[in-house]
Amino acid sequence: DIKQKDIDDVFEKLSAEISQLREVAFKYIEDLAYAGDPKSQYFLGNLYHFGDKNYHYVKSNPDKAAYWWNESASQGYINAYNNLGIAYKNGVGVKVDMYKAVKYLKMGAEAGEDYAQSNYGDLFLEGVKVRNGSHKETVKSSNYSYPGGVKIRQYYDDNLMEFVYVYQITVDDYKTLVPKDIEKAKYWWKKAAAQGNESAKNRLQKVYE
């Protein structure tokens, strides 16, 4: 989940300060973001993410959203870790990269950000594995052809009274980034729920039902 409440809160304050002109508020945040303010960079990324459906004066742009979250996260702004992690997990404005997704969600969770804690806990529910190369194996089959395999030899088995075919196949290797561990999932959900995170509360409720 990507947090929207922060945007609404800041715009409520800024709109009051800048004569209710939200377009002016957007320009104000944009200027601060370009000037290097990490909080404004985070908000600007959120605005580009939610865009049209919530803010008619901002056109949705996932590439810009991910860019500004990255700028903010690179300066250590905690809330940006969650959004950038979700971006890499789901391919929002960037290519899916589970290494980076886990990295940023873990950073956010350990820093105490409740959305990151909830989302990081989700990773432990099923675990996270990524393809990490491949290796060759040989398999035997009584079938003349084997899906995805290259036949390297054959022989007649007197006991089976049939031909046996030997194939070489390519098997993918996987690296575990996050183990499947329901206790760790609950650990992080509890931390998020203690901060009032509704998603984490719902996840815990389903686990204990």
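For reference, positions follow the sequence shown, starting with 1. Model, not experiment: these values are computed from the prediction.
Take Met98 and apply the side chain to side chain contact (heavy atoms under 4.5 Å, CB included) test, not counting sequence neighbours, and it matches Lys89, Val96, Ala101, Val128, Val130, Leu177. Under the rule for a ring-ring contact (aromatic ring centres under 6.0 Å, His included), Tyr174 has no partner lying at least two apart in sequence or in another chain. A search for side chain to side chain contact (heavy atoms under 4.5 Å, CB included) contacts involving Tyr187 returns Lys191, not counting sequence neighbours. Residues forming a salt bridge (Lys or Arg N to Asp or Glu O under 4.0 Å) with Lys201 (at least two apart in sequence, or on another chain): Glu198. Partners of Asn61 by side chain to side chain donor-acceptor pair (under 3.5 Å), not counting sequence neighbours: none found. Partners of Tyr34 by ring-ring contact (aromatic ring centres under 6.0 Å, His included), not counting sequence neighbours, listed by chain and number: Trp68. Residues satisfying the salt bridge (Lys or Arg N to Asp or Glu O under 4.0 Å) criterion with Asp122, sequence neighbours excluded, are Arg203. In this structure Asp181 satisfies the side chain to side chain donor-acceptor pair (under 3.5 Å) test with no other residue, sequence neighbours excluded. In this structure, the side chain to side chain contact (heavy atoms under 4.5 Å, CB included) partners of Glu126, at least two apart in sequence or on a different chain, are Lys180.
What you find for Leu125 and Ala185 is that their closest heavy atoms are N-CB, 4.2 Å. Contact between Ala33 and Leu44 at its shortest, heavy atoms only, is CB-CD2, 3.7 Å. The shortest non-hydrogen separation linking Ala192 to Ala200 is CB-CB, 3.6 Å. The minimum heavy-atom distance linking Ala66 with Val94 is given by the pair CB-CG1, 3.8 Å. When all heavy atoms are compared, the tightest approach of Ala80 to Ala73 is CB-N, 3.7 Å. Closest approach of Ile78 and Gly108 over heavy atoms only: CG2-O, 4.4 Å.
A distance of 7.5 Å separates CD in Glu113 from CG in Asn83, rounded to the nearest 0.5 Å. Rounding to the nearest 0.5 angstrom, the gap separating the OH atom in Tyr167 from the OG1 atom in Thr138 is 13.0 Å. Distance check, rounded to the nearest 0.5 Å: NZ of Lys129 to OG1 of Thr176 gives 4.5 Å. The distance from the CD1 atom of Ile86 to the CG atom of Leu105 is 5.0 Å, given to the nearest 0.5 Å. Taken from CD1 in Ile29 to CG in Asn46, the straight-line distance is 9.5 Å, to the nearest 0.5 Å.
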> Given the rule in the side chain to side chain contact (heavy atoms under 4.5 Å, CB included) test, do Phe26 and Leu47 qualify, once you have shown the distances and angles that lead to the verdict?
Replying inline: CA-CA 9 Å; Phe26 171 78; Leu47 286 166; 3.7 Å; yes
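A donor-acceptor contact shorter than 3.5 Å links the side chain of Ser74 to the backbone of Glu71. Checking side-chain atoms of Tyr48 against main-chain N and O of Lys59 turns up no donor-acceptor pair under 3.5 Å. Judged by distance alone, with hydrogens and angles left aside, the side-chain atoms of Trp188 form no donor-acceptor pair with the main-chain N or O of Ser118 at under 3.5 Å. Looking only at distances, a side-chain donor or acceptor of Asn119 sits under 3.5 Å from a matching main-chain atom of Tyr115. Of the possible polar contacts, one joining the Ser141 side chain to the Asn143 backbone as a donor-acceptor pair under 3.5 Å is found.
With a 4.5 Å cut-off on side-chain heavy atoms, Trp189 and Val207 count as touching. Under the 4.5 Å side-chain criterion, counting only non-hydrogen atoms from C-beta, Tyr42 is in contact with Trp69. Considering only heavy atoms from C-beta on, Val164 stays 4.5 Å or farther from Gln154 through its side chain. For the pair Leu204/Lys186, a side-chain contact is recorded, criterion being any heavy-atom separation below 4.5 Å from C-beta on. Leu84 places none of its side-chain heavy atoms less than 4.5 Å from the side chain of Asn82. Side-chain contact between Gln195 and Asn197 is absent, with no heavy-atom pair separated by less than 4.5 Å. Using a 4.5 Å heavy-atom cutoff, the side chains of Val58 and Phe50 are not in contact.
Aromatic rings of Phe124 and Tyr120 (six-membered ring for Trp) have centroids within the 6.0 Å cut-off, being under it.
Of the candidates Tyr156, Tyr146, Tyr144, Tyr144 is the only one forming a ring pair (Phe, Tyr, Trp, His ring centres under 6.0 Å) with Tyr165.
Residue pairs meeting the salt bridge (charged side-chain N to carboxylate O under 4.0 Å, His left out) criterion with at least one member in residues 161-175, sequence neighbours excluded: Arg131-Asp172. Each ring-ring contact (aromatic ring centres under 6.0 Å, His included) pair with one or both residues in residues 84-105, not counting sequence neighbours, would appear here, but there are none. Residue pairs satisfying the salt bridge (charged side-chain N to carboxylate O under 4.0 Å, His left out) criterion with at least one member in residues 132-161, sequence neighbours excluded, are absent.
Applying the 6.0 Å contact sphere to OH of Tyr155 captures more than 12 heavy atoms from other residues, nucleotides or ligands.
Between Gln75 and Gln41, the side chains place a donor N or O and an acceptor N or O closer than 3.5 Å (distance only, hydrogens not considered). Gln117 and Glu110 share no side-chain donor-acceptor pair at under 3.5 Å.
At a threshold of 4.5 Å between side-chain heavy atoms, the hydrophobic network of Ile, Leu, Val, Met, Phe, Trp and Tyr places Ile152 and Val139 in two separate groups.
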